[in-house]
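Structure, as structure tokens:
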Amino acid sequence: MHIAALLVPAVLCANIASGQYVIPAADGSNGWADALAKAKTLVGQMTTEEKLNITQQNSAFPRVGEVDRLGYTGLFYADGSEGVRGAPFSSAFPMALNGAASFDRNLLYRRAVAIGEEARAKGINVQFGPGVNILRTPGAGRAFEYQGADPYLSGQTAAEHVKGVQSQGVMSMMRHYIGNEQETGRRWTSSNIDDRTAHEVYLWPFQDAVQAGVASTMCSYNGLNGTYACADNTSLGKWLHEELKFQGWVLSDYGAVVAGQEANAANAGLDSVIGAAFTSYSDSPAPGFKYPFGPSSVLASAIANGTVSEARLDDMANRIVSAWYKLGQDNGFPALNTSTNALSQAHNDLIREIGSKSIVLLKNNGTLPLAKNKSLYVFGQAASVDLKGSPYPVSFGFAPDADMGTFLGGQGSSYVSAPYVITLLDALAEQARSQGTQVFGYTDNFNHTVQATYAAAAITADATCLVDVRQTCSEGYDRQNLTASWEGDETIVAVASQCANTAVIYSACGPFNVTAWVDHPNVTAILNAGGLGQEAGHSLVDVLYGVVNPSARLPYSIAHDLGDYAALPDFTIKAQNTSFVDVEYTEGLLVDYRWFDKNNIEPAFAFGFGLSYTTFDYSNLSVQPSTATLDKFAAANSTELYDCLALITIDITNSGTVAGSEVPQLYIGSPADGAPVKVLRGFETVGLDCKAKKTVSYNLTRRDLSFWDTYNGGWTLPSGEYKVYVGASSRDIRENGSFRFTLK
Ligand SMILES: *[C@@H]1O[C@H](CO)[C@@H](O)[C@H](O)[C@H]1NC(C)=O
Ligand SMILES: *[C@@H]1O[C@H](CO)[C@@H](O)[C@H](O)[C@H]1NC(C)=O
Ligand SMILES: *[C@@H]1O[C@H](CO)[C@@H](O)[C@H](O)[C@H]1NC(C)=O
Ligand SMILES: *[C@@H]1O[C@H](CO)[C@@H](O)[C@H](O)[C@H]1NC(C)=O
Ligand SMILES: *[C@@H]1O[C@H](CO)[C@@H](O)[C@H](O)[C@H]1NC(C)=O
Ligand SMILES: *[C@@H]1O[C@H](CO)[C@@H](O)[C@H](O)[C@H]1NC(C)=O
Ligand SMILES: *[C@@H]1O[C@H](CO)[C@@H](O)[C@H](O)[C@H]1NC(C)=O
Ligand SMILES: *[C@@H]1O[C@H](CO)[C@@H](O)[C@H](O)[C@H]1NC(C)=O
Ligand SMILES: *[C@@H]1O[C@H](CO)[C@@H](O)[C@H](O)[C@H]1NC(C)=O
Ligand SMILES: *[C@@H]1O[C@H](CO)[C@@H](O)[C@H](O)[C@H]1NC(C)=O
Ligand SMILES: *[C@@H]1O[C@H](CO)[C@@H](O)[C@H](O)[C@H]1NC(C)=O
Ligand SMILES: *[C@@H]1O[C@H](CO)[C@@H](O)[C@H](O)[C@H]1NC(C)=O
């Protein structure tokens, strides 16, 4: 699309008409018509400077672009995938990745509602998240902010997050758009993703968030095929604005607009920025600091000389202001006060519940649930507060548990300083007091002789041993290995060498190296805790004692060897300063379990795996494809993509002796050329009393069953046999079937 010639000075027409791309203006589709009409009325009364004013934010917690004379309040932003970051009296929720591990849509929705409530209470208009980048490499530094390794799971999770936060009248912001799968060189690497992989894997969850009505998007630091994501007319323009018809607004990640790219960014679809411009292909702010957008900015001069049209500026303002109307923020939205106490017992209880429902039970040889009358010996510094002695609660910024002590969540810009922390030892002591049993704690990780001595004493006392370890992780760094920090492996082995009944609990931001002890005969239970937030100890105790029967599932695979994973970052790369360093997504569609399937690699623990204290039977798989004659092809922005083309049902029975929840997963093996062996296309959380049975059904949409047809630029249903697998993990398929369509 070309800028209408009348809008720019004649002398510049040739320049612009020569191929400068400009996104289509918001058109009010997808239910945005009323909000857009109101925005146009308001923005129509703004001066150019006022419009420019709402396109930038340059310091922490400012109000962005208020126009008091017109009653437009401007916007306040808060970071955080784990709660409202940067403000006192905010709850520290379990990590987003823990939410995904619950595989529980209702729980994800309630988590998001609570985060939205806290944001709203403080007068925060825009809460950053959901993060929907894919866990492409196992140590990805921001994986804790995301939803795991599968696009379908990420998309379903993102949709619940958006609906929950926005139910409180707070804008959600999906991020980091797009291709920001690694922290290593995030400002100077180019993620080179082919068109089909982009649509079927990396763009997929963003599409679900758009479908759920997300108000805003954050573009990422990295490049794509050698163009900065925030200035890329393919990903921002063609995919987000033309194909997905996104009606909201786009914000840059902090400092993600590079000097010289301001006009390209504006034309490609960027509406607002935070932070200063950076120097290309480096980690440094641009010298001779200039704001990329805002009054007196490079954007302002690009508008003055016609490189960016006034119409595009109007569209920027319309998109931002229409989101404000769409969320009802023009009417009774609380005034900003980050000090407002947003804490509540209801949120503490919810955090405890999300925590317990996001702990994945990986191994259990009769050890769990713990008997209430047995004493415990607890090892590992992660069971206690920070050994370095930092007190809780803590102030703003990077966290005191950065390295040692109870692990609440990943570090970096999403970290919420917890108002209080329940450690494992706190919670066990509470439990022991009520049971009249003993809890002995030795949490020094470095003296393995003493550990072994106490572990032997545990056996003499007929006690169970618990070892709590962790691995630190943060935004800004990818984990180069997945091994427990602070001699955690040595601690586990020292304890298990003496204690025949050793339960291991570990916390990390994703896949963990379990190789040194997973098959140790005395390691009789393993719990993957992730980052549980402020109620960590309580959530663990609920699972350890069976108050909550574990039901979470791994949202990624755990490999035996690091080399088993499809992709690892090149940790030796250095900024070239003159061009991007290319990161080729050569594994294509074969992310995570799809790679293990294709290459017949046995994982230590498969994607979707998680044990329960009960057992479940699967029976009566039924497959009902549409019997109509179907068109093969659907355009990228066609509403037909959401038509239901097949219905799968299965009966799940609790065959064990206690109540519990199963997560039956539906995988489809597509007949399309190059399709993975199977891909996740459905999951449900089914709570069942002992011996109870329930029928679970999955609707498969056209989008679920199509492949991205690069040649036609849309979604095509392949002809042939579609394989149906329903199981308890990607490697534990209990029933299978197949179907075909009649296509024209
Ligand atoms: C993106 O911009 C470049 C350079 O202006 C242009 O060559 C290309 O055709 C544009 N892409 C689209 C999708 O319009
Ligand atoms: C621009 O916004 C700032 C706050 O973000 C405000 O103080 C200032 O008055 C605004 N200027 C105009 C021209 O609206
Ligand atoms: C990057 O290049 C590949 C290969 O040409 C293409 O399929 C893909 O659509 C491009 N992506 C972007 C964002 O330009
Ligand atoms: C659908 O997307 C294409 C780009 O893929 C765009 O050219 C077209 O205008 C869109 N159609 C509608 C109805 O939005
Ligand atoms: C217009 O202004 C922008 C921003 O200052 C500048 O980069 C560009 O070179 C200018 N173009 C012309 C034709 O003057
Ligand atoms: C903000 O909230 C705090 C805590 O409730 C209160 O003490 C303070 O007075 C409030 N500030 C304003 C400006 O209302
Ligand atoms: C471990 O602790 C014991 C008892 O306090 C002490 O004798 C020994 O030197 C310690 N070993 C190490 C390696 O610190
Ligand atoms: C893992 O990486 C950390 C941080 O780089 C390093 O300190 C540690 O020694 C590494 N561990 C192993 C087992 O390589
Ligand atoms: C397991 O623990 C018992 C003591 O309870 C010990 O005798 C045995 O050597 C341990 N096994 C291993 C493999 O360390
Ligand atoms: C579980 O424990 C029993 C003995 O209690 C032992 O025979 C069996 O090998 C153990 N299984 C695993 C997987 O460790
Ligand atoms: C675990 O650590 C061992 C020993 O360093 C290594 O050989 C293996 O590849 C690691 N596995 C994973 C999944 O990181
Ligand atoms: C599945 O599709 C059928 C038929 O279109 C519809 O009646 C039903 O409500 C759908 N179920 C779900 C869970 O979406």
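When a ligand or atom number is given, it counts from 1 through the structure's own listing order.
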Item to check | Nearest protein heavy atom under 4.0 Å from atom 2 (O) of ligand 7, yes or no | outcome: yes

Checklist outcome for this item: One finds that the ligand 5 atoms under 4.0 Å from a non-hydrogen atom of Ser301 are 2 (O), 4 (C), 5 (O)

Item to check | ligand 11 N/O within reach of Asn513 N/O, cut-off under 3.5 Å | outcome: yes

Checklist entry - Donor-acceptor pair, Thr443 side chain versus Gln381 backbone, under 3.5 Å? => result no

Checklist outcome for this item: When distances are taken from atom 4 (C) of ligand 7, the protein heavy atom at minimum range is Val450 CG2, 4.0 Å

Next on the checklist: Looking at Thr423 and Ser384, would you say the former's side chain and the latter's main chain have a donor-acceptor pair under 3.5 Å?
Outcome noted: no

Item to check | Donor-acceptor pair, side chain of Gln182 and main chain of Thr184, under 3.5 angstrom | outcome: yes

Checklist outcome for this item: The residue among Asn267, Val250, Ile23 that forms side chain to side chain contact (heavy atoms under 4.5 Å, CB included) with Leu236 is Val250

Item to check | Charged N-O contact under 4.0 Å between Arg312 and Asp315 | outcome: yes

Checklist outcome for this item: Honestly, for Val298 the part within reach of ligand 5 (heavy atoms, under 4.0 Å) is both

Checklist entry - Which atoms of ligand 5 have any heavy atom of Ala302 under 4.0 Å away? => result 2 (O), 4 (C)

Checklist entry - Between Tyr585 and Tyr202, how do the two ring planes meet: parallel, tilted or perpendicular, split at 30° and 60°? => result perpendicular

Item to check | Identity and distance of the protein heavy atom lying nearest atom 8 (C) of ligand 11 | outcome: Asp561 OD1, 3.5 Å

Item to check | Atom indices of ligand 7, in the order listed, that fall short of 4.0 Å to a heavy atom of Asn447 | outcome: 1 (C), 2 (O), 3 (C), 8 (C), 10 (C), 11 (N), 12 (C), 14 (O)

Item to check | Atom indices of ligand 11, in the order listed, that fall short of 4.0 Å to a heavy atom of Ala559 | outcome: 13 (C)

Checklist entry - Just to confirm, does any protein heavy atom lie below 4.0 Å from atom 14 (O) of ligand 7? => result yes

Item to check | Atom indices of ligand 11, in the order listed, that fall short of 4.0 Å to a heavy atom of His560 | outcome: 8 (C), 10 (C), 11 (N), 12 (C), 13 (C)

Item to check | Under 3.5 Å donor-acceptor, Tyr593 side chain and Leu680 backbone | outcome: yes

Next on the checklist: Test your reading of the structure: does Leu562 have an N or O sitting under 3.5 Å from an N or O of ligand 11?
Outcome noted: yes

Checklist entry - If you measure from the Lys or Arg side-chain nitrogens to the Asp or Glu carboxylate oxygens, is any gap between Glu587 and Lys598 under 4.0 Å? => result no

